[in-house]
Amino acid sequence: MAMTTHIDIVSSESEIFSGSATMIYAPAEMGEVGIAPRHAPMLARLKPGEVRVVTQDREEQHIYVSGGILEVQPHVVTILADTATRASDLDEVAALEARERAERAMHNKTDAIDYAKAQKEFAEAAAQLRSIEALRKRARR
Amino acid sequence: MANEKEIRTKIKSVQNTQKITSAMEMVAASKMRKAQDRMRAARPYAEKIRNVTSHIASAHSEYHHTFLKQREIKRVGYVVITSDRGLCGGLNVNLFKKTINEFKEWDDRGAGIDLCAIGKKGIGFFTSIGGNVISQQSGLGDTPSAHKLIGTIKIMLDAYKEGRLDKLFLVYNSFVNSMTQEPNIEPLLPLHAFDQDDDLDKYWDYIYEPEATVMLDQVFMRYVESLVYQAVVENIACEMSARMVAMKSATDNAGELINELQLVYNKARQASITQEISEIVGGAAAV
């Protein structure tokens with residue numbers, strides 16, 4: 001029997017996947033990473049894209065994540081998926097908004113921020129499209 | 001003796017109120033069930049990120065994050081989670097009482113206090129007593145989304161990172177069971193020591209991608225956010241069950257009130273009949 005590792009994929013609002021896998025591919029920020037069982041401990045940031053999990057019976061599970069954190073321990077892999085699209089500048093916007101509400105002050109400077117937001121949304125949409133396309137191809141076969 | 005018609009209208013109005021409160025009770029009961037489910041759904045993430053954070057704390061990283069360091073306390077921050085709506089018994093008031101007691105202690109020790117209010121009731125209360133509310137969020141609804149909280153919490157975390165706050169607390173109602181909710185004050189930052197995981201070898205560190213500072217920062221931020229999100233979800237479950245109980249007792253009280261009024265009404269009715277009869281008898285005798 002092939003060596004396996006346990007994988008949990010969770011988002012703050014629900015549990016997405018839990019089970020054992022022989023291989024896991026995840027879209028890390030610095031390029032896709034493949035994780036085999038007994039991989040060295042690793043902590044990586046994920047970008048929007050799909051996580052592929054090869055289960056024991058050689059089936060591939062495709063799970064779309066919009067970013068998050070990947071933690072690898074030799075026998076456990078944890079993916080903490082973000083439910084919302086996150087970018088540091090977007091976080092900044094949210095923080096600004098909350099502060100503004102608190103100060104009851106109105107400002108109108110959204111140019112740079114909207115641009116960043118659009119880019120992020122675009123990246124996410126593109127990743128989603130890729131996953132859909134991959135699914136279609138498989139369905140045709 | 002009050003007149004019959006007056007009492008009748010009063011009974012009618014109490015009955016109408018009773019209908020409303022009993023409807024609210026039922027609504028709260030069904031929302032409570034959903035809120036409890038949501039509370040359970042949020043648990044795996046909280047558990048997993050807790051594990052990861054404790055692994056990090058036991059890893060021998062060269063980089064020590066500010067969230068792990070204890071500092072001398074000059075200024076403290078409170079993230080206070082309350083409900084948006086009232087009619088939920090003493091839920092918010094109990095929470096405020098406990099919080100204010102703590103504030104007083106900090107005040108006596110000469111520490112300043114900054115607040116982050118989540119929920120309309122808290123915002124209203126703390127602005128009225130003159131608290132220094134530096135960030136606020138309301139209107140999360142019954143199904144709060146985690147990303148609405150990000151900005152609100154970030155202000156507090158930034159303040160902590162920049163050294164404007166030396167300790168951060170989380171205040172919320174914890175759900176004991178559907179009859180009991182307890183106001184709860186928990187320290188958020190600095191992160192307390194975790195139980196060491198025995199399975200892990202003594203000297204090891206992660207491969208970080210990108211570098212450790214960025215990664216640790218993000219993991220800790222997410223950890224705090226998940227704690228706050230969990231608290232918000234739990235607070236909603238508390239709100240619903242508190243409302244359910246409050247509305248149930250309101251409905252019961254209305255029932256009692258109606259019974260009492262019914263008695264008064266019967267008496268008044270009887271009195272007026274007696275009076276009429278005696279008038280007729282008196283009139284007949286006079287003839």
Side-chain angles (χ1 to χ4, degrees), chain A residues 6-18 26-33 35 39-47 66-104, chain B residues 38 40-49 51-53 55-56 59 61 115-118 123 127 133-138 143-158 197 199-200 204-210 212 214-216 218-219 221-223 225-226 229-230 233:
Chain A
H6 187 78
I7 171 157
D8 288 305
I9 304 179
V10 290
S11 80
S12 64
E13 279 153 25
S14 65
E15 186 169 47
I16 298 170
F17 181 86
S18 176
E29 218 175 52
M30 301 166 87
E32 191 176 70
V33 288
I35 295 143
H39 191 283
M42 181 169 84
L43 205 56
R45 201 151 65 174
L46 300 181
K47 61 184 181 188
S66 52
I69 298 165
L70 166 78
E71 193 230 12
V72 182
Q73 288 287 343
H75 297 287
V76 188
V77 176
T78 312
I79 293 177
L80 304 162
D82 289 338
T83 31
T85 317
R86 303 280 300 250
S88 60
D89 29 358
L90 280 183
D91 283 11
E92 202 64 55
V93 177
L96 264 178
E97 274 171 9
R99 184 175 293 143
E100 270 174 29
R101 271 197 301 275
E103 289 170 354
R104 298 245 173 270
Chain B
R38 216 164 295 120
R40 266 190 289 275
R43 211 164 277 159
Y45 186 87
E47 251 167 50
K48 292 288 156 7
I49 197 158
N51 285 347
V52 173
T53 322
H55 288 163
I56 292 172
S61 176
L115 284 162
C116 162
I118 298 173
I123 297 168
T127 25
V133 182
I134 56 171
S135 86
Q136 66 176 53
Q137 173 76 50
S138 64
T143 49
S145 60
H147 74 263
K148 267 195 172 175
L149 294 168
I150 295 165
T152 325
I153 306 163
K154 193 176 188 317
I155 292 177
M156 301 306 272
L157 294 182
D158 284 349
D197 212 331
D199 307 338
L200 299 169
W204 63 279
D205 196 6
Y206 283 109
I207 303 166
Y208 297 97
E209 234 190 76
V214 181
M215 270 329 291
L216 291 189
Q218 186 168 7
V219 173
M221 293 272 270
R222 291 287 192 283
Y223 179 57
E225 280 165 18
S226 97
Y229 176 75
Q230 183 81 15
V233 175

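Every chain is numbered from 1, with letters handed out A, B, ... down the list of sequences.
Residue A:S18 holds its OG atom at 6.0 Å from NZ of B:K48, rounded to the nearest 0.5 Å. Between atom OH of residue B:Y208 and atom CE of residue A:M42 there is a gap of 12.5 Å, rounded to the nearest 0.5 Å.
Taking the side chain as every heavy atom from C-beta outward, B:R222 and A:D82 approach each other to under 4.5 Å. Side-chain contact between B:M215 and A:R45 is present, with at least one heavy-atom pair separated by less than 4.5 Å. The side-chain heavy atoms of B:V52 and A:L43, taken from C-beta on, include a pair separated by under 4.5 Å.
In this structure, the portions of B:S145 lying under 4.5 Å from any heavy atom of chain A include both its backbone and its side chain. Proximity to chain B (any heavy atom under 4.5 Å) is shown, for A:L80, by both the backbone and the side chain. Using a 4.5 Å cut-off between heavy atoms, A:V72 touches chain B through its backbone atoms (N, CA, C, O) alone.
When every heavy atom of A:A40 is checked against every heavy atom of B:I207, the shortest pair comes out as CB-CD1, 3.9 Å. Across every non-hydrogen atom of B:E209 and A:A28, the tightest pair is OE1-CB, 3.8 Å.
No donor-acceptor contact under 3.5 angstrom links the side chains of B:Y45 and A:E15, judged on distance only.
Of the listed residues A:I9, A:V33, A:V10, the one with more heavy-atom pairs under 4.5 angstrom with chain B than any other is A:V10. With chain A as the partner, the residue from B:P210, B:A42, B:C116, B:A117 showing the most heavy-atom pairs under 4.5 Å is B:P210.
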